[in-house]
Number of protein chains: 2
Amino acid sequence: MNSSILTIGHLARQTGTKVETIRFYEKNGLLPEPSRTEGNYRAYEPDHLNRLSFIRRARDLGFSLDQIRALLALSDNRGQSCAAVDAIASEHRAEVEKKITDLMALKAELDRMIDQCECGVVADCRIIETLSPK
Amino acid sequence: MNSSILTIGHLARQTGTKVETIRFYEKNGLLPEPSRTEGNYRAYEPDHLNRLSFIRRARDLGFSLDQIRALLALSDNRGQSCAAVDAIASEHRAEVEKKITDLMALKAELDRMIDQCECGVVADCRIIETLSPK
DNA sequence: CATGACCCTGTATACGCTACAGGGTCATAC
DNA sequence: GTATGACCCTGTAGCGTATACAGGGTCATG
């Protein structure tokens with residue numbers, strides 16, 4: 001096999017992605033289908049590697065696959081206004097902020113519940129009591 | 001039909017749960033199978049309602065179904081030490097704390113990225129640039 | 001030519017539901 | 001008595017983001 005082609009394993013190692021995940025991205029339209037070798041192996045080009053890196057970075061930042069699809073489409077149209085990119089990123093940031101707020105409220109409730117526990121028997125357990133209907 | 005029996009719809013309305021979700025809890029061993037009417041309707045007892053309320057409260061607090069199964073088992077053994085309950089709740093709190101920490105780090109990164117955007121064209125977009133491999 | 005690393009497709013699993021198809025039951029109105 | 005509509009039943013498929021595995025083919029190396 002030509003040693004200069006990029007196999008799926010190469011892409012996986014270079015981006016820290018599982019092979020199955022790369023195939024999953026292809027099936028879901030995030031990564032274009034590469035050409036195939038005679039033995040039916042996927043043969044990637046450097047562009048595929050760049051695109052996959054982009055996807056992984058965006059995933060690390062918590063963007064959804066839908067958002068990433070949109071970001072990729074935008075980054076392919078380099079003359080367009082970047083307002084749409086900003087909108088996606090800001091929308092995502094707002095989601096993250098909401099999650100933080102919600103989780104902090106949740107943690108406060110858990111703190112209250114757990115701090116009451118005097119660790120006797122279950123019958124007297126404040127945690128169970130808090131969960132039980134009055 | 002006997003007007004005093006609790007149908008699945010009653011449980012649903014009284015706990016703010018969808019009917020399908022109640023059946024899902026039953027299939028997944030959180031809610032015991034109730035007896036049936038002649039017409040094969042589920043006929044619940046007040047205990048079922050209490051148990052479902054417990055489940056919903058715990059879900060609202062973010063406990064997983066596995067954790068809730070364990071909490072229910074513990075609350076059925078009222079003489080046991082409540083340390084196990086405390087362990088589950090503390091484990092969950094630690095997970096929530098970790099999520100908050102992770103999301104705050106994420107938000108900081110998003111802030112940095114978005115603040116750089118000068119909203120020109122995509123070719124100059126700092127957001128796309130941040131995501132792209134160098 | 002045998003071994004083992006790698007690749008292929010297709011399907012099942014995880015979480016916690018939600019939705020739907022295709023049917024049965026029940027209370028109420030006429 | 002029957003028509004309507006609200007409610008119930010089972011079983012299956014779908015969401016998002018992968019991960020795992022079965023059962024097989026390909027490739028480089030000894």
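Values reported hereafter were calculated over all heavy atoms of this structure, with side chains retained and with hydrogens, waters and symmetry mates removed. Proteins get letters first, then strands, A, B, ... in listed order; numbering begins at 1 in each.
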Assuming nearest nucleotide by heavy-atom distance, tell me which of A:Arg23 and B:Glu38 is located more 5' along DNA chain C. A:Arg23
Heavy-atom nearest nucleotide on DNA chain C for B:Arg56 versus A:Ile8: which residue maps closer to 5'? A:Ile8
Check the distance between [N]'s [atom2] and [X]'s [atom1] and give it to me in whole angstrom.
| X | N | atom1 | atom2 | value |
| --- | --- | --- | --- | --- |
| B:Ile22 | D:dC9 | CD1 | P | 10 Å |
| A:Asp66 | D:dC15 | CG | C1' | 11 Å |
| B:Lys99 | C:dC15 | NZ | P | 14 Å |
| A:Asn40 | C:dT9 | CG | P | 6 Å |
| A:Phe24 | C:dT11 | CZ | P | 17 Å |
| A:Arg36 | C:dC7 | CZ | P | 12 Å |
| A:Lys27 | C:dC8 | NZ | P | 14 Å |
| A:Tyr41 | C:dT9 | OH | C1' | 13 Å |

For the side chain of [X], counting heavy atoms from C-beta on, which of [options] is nearest?
| X | options | answer |
| --- | --- | --- |
| B:Leu65 | D:dT19, D:dC8, C:dC17 | C:dC17 |
| B:Val19 | C:dC8, D:dC8, C:dG16 | D:dC8 |
| A:Glu20 | D:dT26, D:dA20, D:dC8 | D:dA20 |
| A:Arg59 | D:dC7, D:dT17, D:dC9 | D:dT17 |
| B:Lys18 | C:dC6, D:dC7, C:dA19 | C:dA19 |
| B:Arg42 | D:dT10, D:dA18, C:dT18 | D:dT10 |

Report yes if some heavy atom in the side chain of A:Ile68 is under 4.5 Å from a heavy atom in the side chain of B:Leu131; otherwise report no. no
Between the base of C:dG16 and the side chain of B:Tyr25, is there a donor-acceptor distance below 3.5 Å? no
Short N-O contact, B:Arg51 and B:Asp76, less than 4.0 angstrom: yes
B:Glu129 with B:Arg126: basic N within carboxylate O range, under 4.0 Å: yes
Does a side-chain N or O of B:Thr21 approach OP1 or OP2 of C:dT18 to a distance below 4.0 Å, or not? yes
Does NZ belonging to A:Lys107 count more than 12 external heavy atoms closer than 6.0 Å? yes
Are the side chain of B:Arg69 and the backbone N or O of B:Asn28 linked by a donor-acceptor pair below 3.5 Å? yes
